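Only heavy atoms go into these numbers, but all of them, side chains included; no hydrogens, no water, no symmetry mates. The chains referred to below are lettered A, B, ... by the order of the sequence lines, with proteins before strands, and numbering in each begins at 1. Treat the numbers as computed from the prediction; the structure is a model and nothing was measured.
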There are 2 protein chains.
Amino acid sequence: MNKREFKDRVYGELARITKSLANPHRLEIIELLAQGDFSVEQIAEQTSLPIANASQHLQVLKQAQLVDVNRQGNFIYYRLANSNVFKAWKALRELGVERIATIEKLVKDFRQSKFKFESVTIEGLLQKLESGKITILDVRPTTEFNKGRIANAISIPIDELKQRINELPKRSEIIAYCRGPFCVYADEAVAVLNKAGYKATRLEEGFPDWSLMGLPIEMN
Amino acid sequence: MNKREFKDRVYGELARITKSLANPHRLEIIELLAQGDFSVEQIAEQTSLPIANASQHLQVLKQAQLVDVNRQGNFIYYRLANSNVFKAWKALRELGVERIATIEKLVKDFRQSKFKFESVTIEGLLQKLESGKITILDVRPTTEFNKGRIANAISIPIDELKQRINELPKRSEIIAYCRGPFCVYADEAVAVLNKAGYKATRLEEGFPDWSLMGLPIEMN
DNA sequence: AAACTATTCAATAAATTTATTGAATAGTTT
DNA sequence: AAACTATTCAATAAATTTATTGAATAGTTT
């Protein structure tokens, strides 16, 4: 094997794995699976895909060894193969946000159209935690909260927030978080909370980002 | 714009930028440009591509805003738009190496076929630097050395190593490095040096990895 | 064992990406 | 201004990816 042949093979393999990520639906699936494992049905629902379609995309990810599979009862659950998959997604996400003005504009416009546009980064949250009284609110579905969450976070899924809003302390500043920077649950939560007179801000990143940084987490 | 539309657009944009990376030749170009700027002609030569072909791939990268262009005399030079591009490449590279056994095997086989298979990581080099007497040898072409190098590295391009080998101290352990983990210049150098009785090892990563870590660099 | 259920498979058409080729162009040098 | 040069453009065919549809399957529950 000569040098060129060697390179062709190495870059060929790397392109293969990159191609498996290079699709809008598959990127969305990756981000979802960063929260924990999901059945094909759940994945299809969350991504608005027909089931056969979701399955097909999952096969591509499986082929590339980016996801692991296991069956429980009648359902087949997919999960990310390991943290490097999320790291690659995160690097692409950050490259995209920084390079493509369209993305930042989309996020900004969407938030402003319905919610207050303001957020705090993990960095900022850590500072706030040192100084003041902060309530961290997880507004993802309970199943995801159970699979892993920021330590000491309170769980109130976004769907239940209006009814259960009085469970939250009035005095404390509330930081709401969800799946990641493109997840809008936290935005919706901040809108509800502000309207009810709470001081609330969204966390820019999501649980997987927190976890990757090695910060304290809990799970059931 | 509803939630689904918002997500479709965001992930659509992210997929677009990911697609621009998802090609063996373009990945190779990215890795090359991590060393500094190169003309289309040089890029074509380094990647064994016809010039029209290299140009076409560069247009794709330019469209995705991953590279910047500037003309000098008759030549047009391309460079990476910023360090996030290299970060994304690095994340994909590491994902690939970890997930695809084929890649590690390819690298291992290729090295073993011609050279001693042994290397030290940047981490390991830093430790060695604290304790012992180390000569860091840059075997990339001089132009790349001039654009940026590990601080205190000596430059002997791989093509000149045999003639100039006596410029190197006999006593000191030599760590040879080049462009990155898939670059074989350092392997070739180690082979030459070991044969001549030097104690030499290759650095696993390349100059861009060192630079990204914020470690001391120099340039002309 | 039969019935059921979630998921995968297979075939196909449409869309996208890629390599190839030769011509065109933008800018520089003479 | 003419000649030159590096790069880009444009057209095309082949290869790959994707969505869609309906059937098949593997395994579980009854």
Side-chain angles (χ1 to χ4, degrees), chain A residues 4 7-9 11-30 32-33 37-79 143, chain B residues 4 7-9 11-30 32-33 37-79 143:
Chain A
R4 177 41 47 195
K7 293 205 166 185
D8 284 349
R9 292 226 216 153
Y11 293 108
E13 289 295 327
L14 288 172
R16 217 164 52 78
I17 208 168
T18 307
K19 277 193 176 114
S20 76
L21 289 168
N23 173 281
H25 303 301
R26 292 200 290 273
L27 287 177
E28 194 176 352
I29 291 172
I30 294 287
L32 179 64
L33 296 187
D37 56 342
F38 288 84
S39 71
V40 178
E41 199 177 27
Q42 293 171 327
I43 294 165
E45 201 219 315
Q46 290 284 332
T47 56
S48 317
L49 281 173
I51 288 185
N53 226 332
S55 172
Q56 197 174 260
H57 284 300
L58 286 165
Q59 300 310 305
V60 174
L61 293 172
K62 188 176 153 195
Q63 187 87 17
Q65 307 196 61
L66 301 188
V67 295
D68 286 340
V69 192
N70 86 316
R71 176 182 276 263
Q72 267 174 303
N74 261 329
F75 296 86
I76 292 180
Y77 287 85
Y78 283 83
R79 67 172 69 248
T143 46
Chain B
R4 177 40 48 195
K7 293 206 168 184
D8 284 349
R9 292 224 218 153
Y11 293 109
E13 289 296 327
L14 288 171
R16 216 164 53 78
I17 209 168
T18 308
K19 275 192 177 116
S20 77
L21 289 168
N23 172 283
H25 302 301
R26 291 201 290 273
L27 287 176
E28 193 176 352
I29 291 172
I30 295 287
L32 179 64
L33 296 187
D37 56 342
F38 288 85
S39 72
V40 177
E41 197 176 26
Q42 292 170 328
I43 293 165
E45 201 219 313
Q46 289 286 330
T47 56
S48 316
L49 281 173
I51 287 185
N53 226 333
S55 172
Q56 196 174 260
H57 284 299
L58 286 165
Q59 300 312 304
V60 175
L61 293 172
K62 188 176 152 194
Q63 186 89 17
Q65 308 196 61
L66 300 187
V67 295
D68 286 339
V69 192
N70 86 317
R71 177 181 276 262
Q72 268 175 304
N74 262 328
F75 296 87
I76 292 180
Y77 287 84
Y78 283 83
R79 67 173 69 245
T143 48

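Atom P of nucleotide C:dT16 and atom CG of B:Asn23 are separated by 18 Å, given to the nearest angstrom. Between the C1' atom of D:dT7 and the CZ atom of B:Arg71 lies a distance of 8 Å, rounded to the nearest Å. Rounded to an integer number of Å, the gap from CD of A:Gln56 to C1' of C:dA10 is 10 Å. Between the P atom of D:dT7 and the CG atom of B:Asp37 lies a distance of 12 Å, rounded to the nearest Å. Spacing between atom NE2 of B:His57 and atom P of C:dT17 amounts to 12 Å, rounded to whole angstrom units. Taking atom CD1 on B:Ile51 and atom P on D:dC9, their separation rounds to 15 Å, with Å as the unit. Here the P atom of nucleotide C:dT28 and the CZ atom of B:Phe75 are 13 Å apart, to the nearest Å. Between A:His25 atom NE2 and D:dT17 atom C1' the separation is 12 Å, expressed in whole Å.
The closest side-chain heavy-atom distance from A:Asn23 to A:Val60 is not below 4.5 Å. In this structure the side chain of B:Leu33 reaches within 4.5 angstrom of the side chain of B:Ile43, judged on heavy atoms.
Counting any heavy atom pair closer than 4.0 Å across all strands shown, A:Arg16 reaches no nucleic acid atom. Among the heavy atoms of the strands lying under 4.0 Å from B:Ala52 is at least one base atom, whether or not backbone atoms are also near. Among the heavy atoms of the strands, none lies under 4.0 Å from A:Tyr77. Within the nucleic acid shown, B:Gln59 comes within 4.0 Å of sugar-phosphate atoms alone, with no base atom in reach, counting heavy atoms only.
Atom CD of B:Gln59 sits in a crowded spot, with more than 12 heavy atoms from other residues, nucleotides or ligands closer than 6.0 Å.
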Open item on the list: Is there a side chain to side chain contact (heavy atoms under 4.5 Å, CB included) between B:Leu66 and B:Leu21? Walk through the geometry before answering.
Closed with: CA-CA 9 Å; B:Leu66 300 187; B:Leu21 289 168; 3.8 Å; yes
- [ ] Go ahead and write out DNA chain D as dot-bracket, 5' to 3': ( ) for pairs within the strand, [ ] for ones crossing earlier pairs, | when the partner sits on another strand, dots for unpaired; Watson-Crick or G-U wobble, both distances under 3.5 Å.
- [x] ||||||||||||||||||||||||||||||
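Nearest approach of B:Arg4 to A:Ser48, heavy atoms of both residues: NE-OG, 2.8 Å. Between A:Ala15 and B:Ala22, the shortest heavy-atom distance links the atoms CB-C, 4.4 Å. Looking at every heavy atom in both residues, B:Ser39 comes nearest to B:Tyr77 through N-CD2, 3.5 Å.
Under 4.0 angstrom from either OP1 or OP2 of C:dT17 there lies no side-chain N or O belonging to B:Arg26. Close to D:dT20, at under 4.0 Å from its OP1 or OP2, lies a side-chain N or O of A:Asn53. Contact annotation: B:Ser55 side-chain N/O to D:dT8 OP1/OP2 distance is under 4.0 Å.
Nearest-nucleotide assignment on DNA chain D puts the 5′-proximal partner with A:Pro50, out of A:Asn74 and A:Pro50. Mapping A:Gly73 and A:Ala22 onto DNA chain D by nearest heavy atom places A:Ala22 at the nucleotide closer to the 5' end. Mapped onto DNA chain C by nearest heavy atom, A:Lys19 and A:Tyr78 fall at different nucleotides, with A:Tyr78 at the one closer to the 5' end.
In this structure a side-chain-to-backbone donor-acceptor pair under 3.5 Å is present from A:Arg26 to A:Ser20.
Residues passing the salt bridge (charged side-chain N to carboxylate O under 4.0 Å, His left out) test with A:Arg71: none are found, sequence neighbours excluded.
In this structure, A:Glu13 CD and A:Arg16 CZ are separated by 4.5 Å, a value rounded to the nearest 0.5 Å.
Within a heavy-atom distance below 4.0 Å of DNA chain D, no residue of residues 40-49 of chain A is found.
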